[in-house]
Amino acid sequence: MPELPEVEVTRRGIDAPLRGARVLSARLGKPLRWPLGVLPGELVGTTVGPVLRRGKYLWLPLVAHGADRLDGGLLLHLGMSGSLALLAAPPLPGAHDHFDLVTSSGTLRLNDPRRFGAVVWSPAMTAAPAAKLLQRLGPEPFDPTLTTQRFHAALQQRRTPIKTALLGGELVVGAGNIYACEALFQAGIHPGLRCDRISRPRAARLLAAVRETLSRALDLGGSTLRDFTDVHGASGAFQAEAAVYDRAGLACGRCRSAVRRMVQAQRSTYFCVVCQKR
DNA sequence: AGTTAAACCTGGTTGC
DNA sequence: TGCAACCAGGTTTAAC
């Protein structure tokens, strides 16, 4: 599910309510992608700090009080099917509720049917294990230092298809399968085009398209294909205005010709052969 | 070194 | 209706 807009929607939903909350208990369900790294009980007594996002990861600081407490935080990832809910009166955990953080301001609950998500303890965002997971991430899409020049220079160093590179997150983080397809459509670029064949003007157009696509999705509360909801249980609305994603055989949003589906790097790519050029 | 497959899981949909 | 095959918002790890 969750690409940058969904993760950011989630962050905004939990940041203010949880800030300053005291951790009362924690519970683990079935194993997620990686082990938590501490016993749930060791989190008790810490205070939640400002929630940050880096790429599709969330960082939840847990500040210690007293030397006998752990100081650090939790690095969370929603994987393909994860979502977080903030519950005032949580029902008994269901089959896919795999992590609860019970606080004085409500219970933060991770639901993740496929369990590709993760909750990992780390002493700091800049220390292992969090730093190891974050180290390979490219620049944030709204980072002002990510200029056309820098983006184009990074493109020139890669020979992979642009769609694959966008998914990889080394050029820029945040665009997953939906938004990579949509941004390439918006920029009029064929998903199979090699990165190093993209001219500087087209690179500028693509970077702008990535930014516009992600911010539009953010405004609409993200996309909900199946699992994703915000922390209040609300679905996103972006999927309804996708021009190409999941529209194989349907009319292109611009020229009305049939949208094509192909597979790149084991993922479906949707595109318009008329509107998107090599 | 740079790219591409395999792996991790569950569940919904499609097709025989 | 039953069952197999395929598909799904991701990303690390292993293998060409």
Asks: In this structure, how many angstroms lie between the P atom of B/dT4 and the CE atom of A/Met262, rounded?
Replies: 12 Å
Asks: Hey, does the side chain of A/Thr164 come within less than 4.0 Å of B/dT4's phosphate (OP1/OP2), counting only N and O?
Replies: no
Asks: So, does A/Asp196 use its side chain to make a donor-acceptor pair with the main chain of A/Arg159 at under 3.5 Å?
Replies: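 Here the side-chain-to-backbone pair does not exist.
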Asks: Of the non-hydrogen atoms in A/Gln239 and A/Thr224, which two are nearest, and what is the gap between them?
Replies: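 Looking at all heavy atoms of both residues, the shortest contact is OE1-N, 2.8 Å.
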Asks: Please give, in whole Å, the distance from B/dT3 C1' to A/Gln264 CD?
Replies: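 Those two atoms, CD and C1', are 13 Å apart.
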Asks: Can the ring centres of A/Tyr245 and A/Phe185 be said to be less than 6.0 Å apart?
Replies: no
Asks: Would you call A/Leu60 and A/Leu108 a side-chain contact if the rule is heavy atoms closer than 4.5 Å?
Replies: yes
Asks: Take atom CZ of A/Arg194 and atom C1' of B/dT3, then tell me their distance rounded to the nearest Å.
Replies: 12 Å
Asks: Ignoring backbone atoms, test whether A/Tyr270 places a side-chain nitrogen or oxygen under 4.0 Å from the OP1 or OP2 oxygen of C/dC7.
Replies: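 No, A/Tyr270 has no side-chain N/O under 4.0 Å of OP1/OP2 on C/dC7.
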Asks: If we ignore angles and hydrogens, is there a donor and acceptor under 3.5 Å between the side chains of A/Ser81 and A/Arg226?
Replies: no
Asks: Indicate yes or no: at least one non-hydrogen side-chain atom of A/Lys163 is less than 4.5 angstrom from one of A/Asn177.
Replies: yes
Asks: Can you give one letter per nucleotide of nucleotides 6-15 of chain B, 5' to 3': B if a protein heavy atom sits under 4.0 Å from the base, S if only from the sugar-phosphate, - if neither?
Replies: B-BBBSS---
Asks: Should A/Arg115 and A/Leu32 count as side-chain neighbours, where that means a heavy-atom distance under 4.5 Å?
Replies: yes
Asks: When we call it a touch if two heavy atoms are under 4.0 Å apart, what does A/Phe238 touch: a base, just sugar-phosphate, or nothing?
Replies: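 Nothing, no nucleic acid heavy atom in range.
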Asks: Over how many whole Å does the gap from A/Phe228 atom CZ to C/dG10 atom C1' extend?
Replies: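 Answer to the nearest Å: 15 Å.
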Asks: Taking CZ from A/Arg247 and P from C/dA8, how many angstroms apart are they, rounded to a whole number?
Replies: 16 Å
Asks: Expressed as a whole number of Å, how far does the P atom of B/dC9 sit from that of C/dC3?
Replies: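 It works out to 25 Å between them.
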Asks: Take atom CG of A/Asp196 and atom C1' of B/dT3, then tell me their distance rounded to the nearest Å.
Replies: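 Taking atom C1' of B/dT3 as the reference, CG of A/Asp196 is at 13 Å.
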Asks: Is it the case that atom CD in A/Gln135 sees more than 12 heavy atoms from other parts of the structure closer than 6.0 Å?
Replies: yes
Asks: Regarding A/Arg267, tell me which of base, sugar-phosphate or nothing describes its non-hydrogen contacts under 4.0 Å with the strands shown.
Replies: base
Asks: Take A/Leu62 and A/Val48, measure what side chain to side chain contact (heavy atoms under 4.5 Å, CB included) needs, and give me the verdict at the end.
Replies: CA-CA 5 Å; A/Leu62 294 179; A/Val48 181; 3.8 Å; yes
Asks: C/dC7, C/dG10, C/dT13: which one has an atom nearest the side-chain heavy atoms of A/Arg136?
Replies: C/dT13
Asks: Hey, does the side chain of A/His77 come within less than 4.0 Å of C/dT11's phosphate (OP1/OP2), counting only N and O?
Replies: yes
Asks: To the nearest Å, how far apart are A/Tyr57 OH and C/dT11 P?
Replies: 6 Å
Asks: So what is the 5' to 3' dot-bracket string for DNA chain C, if pairs are Watson-Crick or G-U wobble with both distances under 3.5 Å, crossing pairs use [ ] and | means the partner sits on another strand?
Replies: .|||||||.|||||||
Asks: Could you check how far CD of A/Glu170 sits from P of C/dG10, rounded to whole Å?
Replies: 15 Å
Asks: Does A/Pro141 offer a backbone N or O that forms a donor-acceptor pair with the side chain of A/Arg211 under 3.5 Å?
Replies: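 Yes, because the side chain of A/Arg211 sits within donor-acceptor range (under 3.5 Å) of the backbone of A/Pro141.
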